[in-house]
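The structure under discussion appears below in the form of structure tokens.
Each ligand, and each atom within it, is numbered from 1 in the order the structure gives.
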Amino acid sequence: MTRILLLGGTTEASTLARTLAEAGIDAVFSYAGRTARPVGQPLPTRVGGFGGAEGLETYLNTEGFTHVVDATHPFAAQMSTNAVQACAAVAVPLCAFERPAWQAAEGDRWLHTDSIDGAVAALPDAPARVFLAIGKQNLTQFAAKPQHHYLLRLVDEPAANLPLPSTTVEIARGPFDVAGDTALMRRHGITHVVAKNAGGAGAAAKLSAARDLALPVIMIGRPVVPNRPIKGSVAEVMAWLSHPAA
Ligand code: 3Y8
Ligand code: NAP
């Protein structure tokens with residue numbers, strides 16, 4: 001009997017969850033518990049880590065899952081790595097549901113880097129006004145360049161005080177739109193944008209806004225994760241679920 005563990009936390013995961021629920025397929029949606037009030041899902045939902053690859057292995061066994069779909073964010077490298085390890089150990093088929101990386105288009109002014117530290121290094125020395133749209137887990141590295149004013153977009157109000165001296169905090173969950181991001185960047189006189197190459201539509205608005213405003217974007221490339229089959233659409237995932245060997 002099919003029973004699916006859906007590792008979520010992205011727009012793609014929410015879309016797949018709706019399809020699985022509508023098809024009446026037995027599935028569990030999983031959040032890490034990063035945000036205070038994650039969006040509700042139409043599937044039974046668990047929140048919190050599994051306790052590493054070993055914890056996930058135990059969970060897969062005790063809960064009798066027949067498939068795992070990793071629809072986490074491309075930067076959730078630890079979760080994806082653990083899923084590859086745990087699924088191999090218990091011989092449960094795994095596929096990723098992942099959106100392609102964004103590609104620079106005509107008129108884009110992207111500076112590519114492959115790490116957060118690379119993004120810090122790519123910022124100018126002269127004081128700038130930086131839209132740091134990478135969430136809150138990697139802010140500390142930017143304290144190396146305190147001369148800039150940072151516009152931070154976070155999902156929840158920051159609990160502790162921020163590691164940066166000059167900031168404006170925008171609390172928003174996304175998905176975002178171009179008009180909203182353009183107005184936001186104009187309002188704050190933004191001169192540079194820092195983004196993770198999340199792909200997908202949920203966070204692409206700031207890139208279109210940057211192009212329209214002729215602003216440079218420091219684009220952080222995706223971390224490497226171990227190989228597993230990658231599906232690019234709900235239909236491909238549903239087909240894989242019927243024949244996981246494919
Ligand atoms: C907890 C679930 C949906 C999901 C929406 C997508 C779209 C908006 C783009 C910007 C970039 C950022 C951040 C972002 C995006 C969607 C999607 C996506 C980027 C939620 C969610 C959870 C998280 C975790 C959160 C991280 C943070 C990253 C904010 C829910 C809203 C910046 C990544 O406060 C924290 O600790 C936040 C942590 C991981 C990255 C970071 O390092 O801080 N996402 N985001 C998931 C869980 O607990 O398992 O709360 O409802 C999901 C979404 N985030 O259903 O439509 O699919 O990409 N999320 C980045 O790309 O740089 C925002 O502001 O332009
Ligand atoms: P990560 O660094 O790859 O994972 C760190 C630990 O968090 C994992 O080892 C696991 O804990 C737990 N975890 C991560 N995703 C989980 C999930 N869906 N269900 C249960 N446990 C999970 O992950 P992250 O980058 O912090 O991302 C956390 C969540 O935010 C994910 O759902 C991801 O899809 C979402 N998200 C992340 C980003 C981003 O920029 N990283 C952007 C948008 C959304 P254990 O080791 O204890 O099992």
Would you please classify the geometry between the [Y] ring and the [X] ring as parallel, tilted or perpendicular, with 30° and 60° separating the classes?
X	Y	result
Y150	F142	perpendicular
Y59	F50	tilted
F75	H73	tilted

- Task: Looking only at distances, please establish whether an N/O atom of ligand 2 is found under 3.5 Å from an N/O atom of G52.
- Result: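 Indeed, backbone or side chain, G52 has an N or O that close.
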
- Message: With respect to H73, determine whether any N or O atom, backbone or side chain, lies less than 3.5 Å from an N or O atom of ligand 2.
- Response: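 Yes, at least one N or O pair falls under 3.5 Å.
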
Taking 4.0 angstrom as the limit, do [X] and [Y] come out as a salt bridge?
X	Y	answer
K231	E12	no
R222	E98	yes
R34	D156	no

Considering heavy atoms of the protein only, find what lies nearest to [atom] and give residue, atom and distance to 0.1 Å.
atom	answer
atom 5 (C) of ligand 2	Q78 CB, 4.1 Å
atom 57 (O) of ligand 1	T11 N, 2.6 Å
atom 41 (N) of ligand 2	F75 CB, 3.7 Å
atom 20 (C) of ligand 1	G9 O, 4.3 Å
atom 36 (O) of ligand 1	K136 CE, 3.2 Å
atom 23 (O) of ligand 2	A76 CB, 3.6 Å
atom 31 (C) of ligand 2	G8 O, 3.8 Å
atom 29 (C) of ligand 2	A32 CB, 3.9 Å
atom 41 (C) of ligand 1	Q137 NE2, 3.2 Å

- Query: Side chains of T167 and H149: donor-acceptor distance under 3.5 Å anywhere?
  - Reply: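 Judged by distance alone, the side chains do not pair up.
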
Contact check, [X] vs ligand 1, heavy-atom distance below 4.0 Å:
X	answer
G200	no
V155	yes
L154	no

Location of contacts on [X] toward ligand 1, heavy atoms closer than 4.0 Å:
X	value
F176	side chain
R99	side chain
A133	both
A32	both

- Answer with side chain, backbone, both or neither: which part of A77 has a heavy atom less than 4.0 angstrom from an atom of ligand 2?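 Under 4.0 Å from ligand 2, A77 contributes backbone atoms alone.
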
- Message: Can you check which of S80, G51, P223 brings a heavy atom nearest to atom 47 (O) of ligand 2?
- Response: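 Among S80, G51, P223, the closest heavy atom to atom 47 (O) of ligand 2 comes from G51.
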
- Message: Yes or no, since that's all I need: does a protein heavy atom fall within a distance strictly under 4.0 Å of atom 43 (C) of ligand 2?
- Response: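 Given the 4.0 Å limit, the answer for atom 43 (C) of ligand 2 is yes, a protein heavy atom qualifies.
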
- Message: Below 4.0 angstrom, counting only protein heavy atoms, does anything approach atom 43 (O) of ligand 1?
- Response: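 Yes, there is one.
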
- Message: Keeping R46 on the side-chain end and F29 on the backbone end, is there a donor-acceptor pair under 3.5 Å?
- Response: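 Absent.
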
- Task: For the residue pair K136 and L152, establish whether any side-chain heavy-atom pair is separated by less than 4.5 Å.
- Result: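 Contact flag for K136/L152 side chains = no.
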
- Message: What I'd like to find out is whether the side chain of V130 reaches to under 4.5 Å of the side chain of L123, using heavy atoms alone.
- Response: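 Yes, close enough: below the 4.5 Å cut-off.
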
- Query: Is there any N or O on S14 that sits under 3.5 Å from an N or O of ligand 1?
  - Reply: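 Yes, S14 has an N/O under 3.5 Å of an N/O on ligand 1.
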
